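Working notes for the structure below.
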Amino acid sequence: MDSSGTSVEAIFFGTTTVWLSDGTSGILIDGFLSRPSLLRVAFGRVAPDLGRITSALARAGVTRLDALFVAHSHYDHAMDAPEVVKHLGGRLFGSESTLNVGRGAGLAEESMTRIADGGEHTVGAFTVRVLAAVHSPGNRFPGTIDEPLVPPVRASSYRDGGCFSFLITHPGGSLLIHPSANFVPGKFDGLDVDVLYLATGALGVQPRRFQDDYWRHVVEATRPASSCRSTGTTSSCRWTAGSARCRPSSTGSP
């Protein structure tokens, strides 16, 4: 708890899915909960698994939603987002490619908002600032989704559509959610945050120089009091703003 008496809880579901709530408003990043098998991703077609989505949300106690922000439009970020919005309510925020994922799922235009670098969006006491990013090295499915995407489809149909990070501020604290293991030099300079959610998938196979630059431009630039690393696992953590503590939780998706 910080000096303002206001706290925020964050639940990390794995991959890049993070739930934030101050007890009044709720924000979800990505909302990827279906977890299709790698065999299906490689050789079959993928689609949201409504049973897994609703089960993961129920175990975490997430019953309502105000806003869902999508970092980019690959299947493991955007595929489940429209179904989460339909299940919980709220608004979908993302690139035009992400909005085409929403259109393919039947979301109405008035329940979606296109985002761009530098945009700020108010959700209750939260302010979400959108920061342009670049995908992790080895982007297999670059490009855009130019028409409504109706699953089941090949995973390759989910083109990235542009990448974003999210700086989220609240009277109870601040955090940066950085969902790709890459960096834009100088982009985060001066962004001191309480908590950093840090993507590290594929970072271990990059050259040492790249790893050092990533650390300098993301971690050292933001000087977080605490960090949670996203490695593609289904573990989760909880954080209370002000105390800046991450700890294990049992609310990860299947």
Side-chain angles (χ1 to χ4, degrees), residues 10-20 26-42 44-60 62 65 67-88 90-95 97-102 104-105 107 112 115 128 133 135-136 139-141 145 149-166 168 177-181 197-202 228-237 249-254:
I11 301 174
F12 175 47
F13 286 85
T15 311
T16 56
T17 295
V18 182
W19 162 254
L20 305 170
I27 295 174
L28 192 65
I29 305 299
D30 286 349
F32 176 58
L33 303 167
S34 289
R35 302 294 201 274
S37 69
L38 292 179
L39 188 65
R40 180 174 294 276
V41 169
R45 295 176 179 269
V46 297
D49 184 323
L50 299 184
R52 286 193 169 195
I53 292 170
T54 57
S55 175
L57 293 171
R59 288 204 309 276
V62 178
L65 178 68
L68 195 160
F69 287 82
V70 175
H72 63 268
S73 300
H74 283 159
Y75 80 95
D76 55 349
H77 294 256
M79 182 178 74
D80 292 343
E83 299 302 330
V84 173
V85 170
K86 287 194 286 185
H87 179 64
L88 296 177
R91 175 174 291 272
L92 177 66
F93 292 82
S95 67
S97 291
T98 291
L99 269 53
N100 271 325
V101 176
L107 284 186
M112 301 187 294
I115 60 175
V128 181
H135 195 275
S136 304
N139 183 356
R140 294 178 58 200
F141 309 129
I145 302 170
L149 185 63
V150 181
V153 295
R154 298 298 299 267
S156 59
S157 299
Y158 288 91
R159 303 288 170 170
D160 73 62
C163 298
F164 303 103
S165 297
F166 302 107
I168 302 173
I177 298 178
H178 183 58
S180 294
Y197 281 84
L198 183 68
T200 57
C228 292
R229 292 179 296 170
S230 167
T231 59
T233 69
T234 58
S235 62
S236 61
C237 69
S249 174
S250 59
T251 55
S253 64

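Note that this is a predicted model, so its numbers are computed, not measured. Side chains included, hydrogens not; waters and symmetry mates left out as well; all remaining heavy atoms used.
In this structure the side chain of Pro36 reaches within 4.5 angstrom of the side chain of Met79, judged on heavy atoms. Between Phe166 and Val18 there is no side-chain heavy-atom pair separated by less than 4.5 Å.
In this structure, Pro48 and Ile53 approach most closely via the heavy-atom pair CB-CD1, 4.0 Å. Closest approach of Thr17 to Phe32, counting heavy atoms only: OG1-N, 2.8 Å. Val70 approaches Phe164 most closely through the heavy-atom pair O-CD1, 4.2 Å. Nearest heavy atoms, Ser157 versus Ile145: O-CG1, 3.7 Å. Nearest heavy atoms, Asp80 versus Gly31: CB-O, 3.2 Å. Pro151 and Tyr158 get closest at one heavy-atom pair: CB-OH, 3.9 Å.
One distance of note links CZ of Phe69 with CG of Asp30; it measures 11.5 Å at 0.5 Å rounding. One distance of note links CZ of Arg159 with CG of Asn100; it measures 14.0 Å at 0.5 Å rounding. Atoms CG and CZ, from Asp49 and Arg40 in turn, are 9.5 Å apart once rounded to the nearest 0.5 Å. Expressed to the nearest 0.5 Å, how far SG of Cys163 lies from NE2 of His74 amounts to 7.0 Å. Note: Leu20 CG to Leu28 CG = 8.5 Å, rounded to the nearest 0.5 Å. Rounding to the nearest 0.5 Å places NE2 of His135 at 10.5 Å from CZ of Arg140.
No donor-acceptor contact under 3.5 angstrom links the side chains of Asp76 and Thr15, judged on distance only. Residues His178 and Ser165 have side chains that bring a donor and an acceptor to within less than 3.5 angstrom of each other. Between the side chains of Thr16 and His77, at least one donor N or O sits under 3.5 Å from an acceptor N or O.
The backbone N or O of Gly51 sits nowhere less than 3.5 Å from a side-chain atom of Ser55 that would complete a donor-acceptor pair. With hydrogens and angles ignored, the 3.5 Å screen pairs no side-chain donor or acceptor of Arg91 with any backbone N or O of Leu65.
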Requested in this report: Apply side chain to side chain donor-acceptor pair (under 3.5 Å) to Ser73 and Thr98, showing your working.
Outcome: CA-CA 5 Å; Ser73 300; Thr98 291; 2.7 Å; yes
